[in-house]
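Report on one structure; see the data block that follows.
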Number of protein chains: 2
Amino acid sequence: MSSNADGMNYAPQGKPCPVVKPGEFVFAAAHLDHGHIYGQCNALREAGAELRYVFDPEPERVARFLKTYPGVKALRSLDEVLEQPEVRLVAAAAIPNERGPIGCRVMQAGKDYFTDKTPFTTLEQLAEARRVAAATGRKYFVYYSERLHVECAEFAGQLIRDGVIGRVLQVIGLGPHRHGPPGSRPDWFYRRKRYGGILCDIGSHQCEQFLAYTGATDGVVTDARTANYTFPEHPEFEDFGEAKIEGNTGASFFYRVDWLTPDGLRTWGDGRTFILGTKGTIELRKYLDVGREGAGNNLYLVTERGEQHLQVAGQVGYPFFGAFILDCLNRTEHAMTQEHAFKAAELCLHCQMLADRRRDPAL
Amino acid sequence: MSSNADGMNYAPQGKPCPVVKPGEFVFAAAHLDHGHIYGQCNALREAGAELRYVFDPEPERVARFLKTYPGVKALRSLDEVLEQPEVRLVAAAAIPNERGPIGCRVMQAGKDYFTDKTPFTTLEQLAEARRVAAATGRKYFVYYSERLHVECAEFAGQLIRDGVIGRVLQVIGLGPHRHGPPGSRPDWFYRRKRYGGILCDIGSHQCEQFLAYTGATDGVVTDARTANYTFPEHPEFEDFGEAKIEGNTGASFFYRVDWLTPDGLRTWGDGRTFILGTKGTIELRKYLDVGREGAGNNLYLVTERGEQHLQVAGQVGYPFFGAFILDCLNRTEHAMTQEHAFKAAELCLHCQMLADRRRDPAL
């Protein structure tokens, strides 16, 4: 992807193009509870997939969706979606605790599934999805957008695969989010059983990045903590979470997630990733370079050769989505293995469970 | 120190001046094993103290010291230093495991002590110093330079005291260091019993910053880990350490220290501190702003009012040292309490002990 030979000139690979011809990969969108469904659909469409159907129980949500995607046909139920023979994949962004059961229905109908994160809120949902995926041979994939839909995060993976920073020893992830004005979030956002807890919810992105950058296939949670510092009116909500994991490569991981982005920040969150390798370091400033003008997608690379700031917005693209479509068509696992998607979910659930027990030892 | 009223214009306080007249506060330097002794002496002299004597068992080290500080008188032993009635304070940078016993001798001679960090390598040394400090009424102070001798780190404390980011919820500290070329470090640097382990040694800075920024007076170590990834020729050395602490204010702390700074970085380490408050965030880029031109001492502040980059080099000074001299003269604790200095040492020792037990459960 980049030339190591000329030293300090690591450069992003070209953007991917559509990987299929029009109509070759048809998908549907169902359950539009989280706005991430638009990112999911956009990414698949840009990679060549055709969005043909939509279903949501709320007509206003469907109407808004159809304004963005004219020509898509609204269906009356998930069952009706699953009856369409040309639909290969269902993209969904349901309420978190419903994502697992919906995915199992989709897979049992013979179709692949692409859910917003977090994919599960309990280990039981995960176990059932593992069982159904194995039994049906279908895919349960997850929109881990904080890596898959962020160009500098994708580029970091390419640099690591090229050996530019040596063996990865540690990853640190900071995932602050903006809550937004009071009343801007649906009720389920504050219900513990429905959103799953902060380490399970937005922490799932973090766990996925840890596995991706270290190559770990499993890990042990060594510390986890959650708190609700600033939302006393929502007692089941958590606005702060942090956890530590040790992976089976020997690399370790610390992450913090929160809903405390100050109003004065010009984006929804100053997402960062720090990757320490034996031969260099990578820092990602994903959505902005705080206190400085300019866009997001900043990668700071330090190796034996020097320091380099790479602003890669518009240069890397989102190769995951095309690779994912081809994986669906060819039944391969180049974009991501099924077990990777499940393991990230498992780790974030273990983080949440340890934090829960520490807050309430009776659990 | 700064005006909150005009919004985004937080500005550093003026630099401190000498706090005493020439000859009013005389000190000596003894045990020059670590080069930090020069930073210690410079800071005290700039605050008005007079460096009058030096002692070290190695004549070459004394000769080099005298080139930097002409007019200082070399003495033949620590005892001879302690016999000088006008010496109020002894500054020292001995090998870490000797710092505690030397400090006790200094205090028992009726003088205050100012040691390089880390102040102790065992809990027993700490307990003895606590006992002697209480019995003699003398001070055992520590050169926690990564806060006390870094202008942006000092300024962060001023902003927090002013309430600019609200209640501090979490601190993250990254303390990478450059090892330097093979052969550039003395033998004791690699001897576990002498340097104390990485979390105890350079981790002591980190624990001190956590206490300072959160106001915590105690904490519990919840996770700690060390490793030797890249120095197989020095089996007792640790080039990586990380730990988590929960303070008695409810705030938490994660830190990483390492000896893995890539050769291409233009300073010895990309030291960072991230402080999350209920009303804002502070990031320190202490020694450089990686990938960008310009000096260190960068403070990035985000509040409800916006984002601000403050480059405070040359604007804050090092007020600790003058306050410390006045504390010695007036027997007050404005610069730092004795217990704060001891507690930071205690926490880093607890971190090290937990990491030691995890590497070798027989310990």
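Every chain is numbered from 1 and lettered A, B, ... according to where its sequence line falls, protein lines coming before strand lines. All of these numbers come straight from a predicted model, not from anything done at the bench.
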Where does D258(A) contact chain B at under 4.5 Å (heavy atoms): side chain, backbone, both or neither?
-> side chain
Per-residue contact mode, L174(B) against chain A (heavy atom under 4.5 angstrom) | side chain
Gap separating the CG atom of L276(B) from the CG atom of L260(A), nearest 0.5 angstrom | 5.5 Å
Tightest non-hydrogen contact, residues V302(B) and G264(A), listed as CG1-C, 4.4 Å
Does D289(B) come within less than 4.0 Å of R292(A), counting only side-chain N to carboxylate O?
-> yes
Taking all heavy atoms of G280(B) and all of P262(A), pick out the closest pair and write down the distance.
-> CA-CG, 3.8 Å
Highest number of heavy-atom pairs under 4.5 Å with chain A: which of Q170(B), E283(B), E304(B)?
-> Q170(B)
Select, from T230(B), T261(B), L265(B), D270(B), the one with the greatest count of heavy-atom pairs under 4.5 Å involving chain A.
-> L265(B)
Under a 4.5 Å heavy-atom cutoff, which of R285(A), H309(A), K279(A) has the most pairs with chain B?
-> R285(A)
When heavy-atom pairs shorter than 4.5 Å are enumerated against chain A, which of G277(B), A227(B), G250(B) gives the highest number?
-> G250(B)
Of the non-hydrogen atoms in L169(A) and R225(B), which two are nearest, and what is the gap between them?
-> O-NH2, 4.2 Å
Neighbour count above 12 (heavy atom, 6.0 Å) for E293(B) CD = no
Check: Y255(A) ring centre within less than 6.0 Å of F254(B) ring centre | no
Contact origin within T222(B) toward chain A - heavy atom pairs under 4.5 Å = both
Rounded to the nearest 0.5 Å, what separation is found between the CD1 atom of I172(A) and the CD atom of E242(B)?
-> 8.0 Å
Chain B contact via R266(A) - which portion, at a heavy-atom distance below 4.5 Å = both
Among R272(B), R167(B), R256(B), which has the most heavy-atom pairs under 4.5 Å with chain A?
-> R256(B)
When rounded to the nearest 0.5 Å, the distance separating CD of E246(B) from CZ of R358(A) is 4.5 Å
Atom of S252(B), atom of F240(A) and distance for their closest heavy-atom approach = OG-CZ, 3.9 Å
Compare all side-chain heavy atoms of E307(B) with those of L288(A) and state whether any distance is below 4.5 angstrom.
-> yes
Which bit of D239(B) is near chain A, if near means a heavy-atom gap under 4.5 Å: side chain, backbone, both or neither?
-> neither
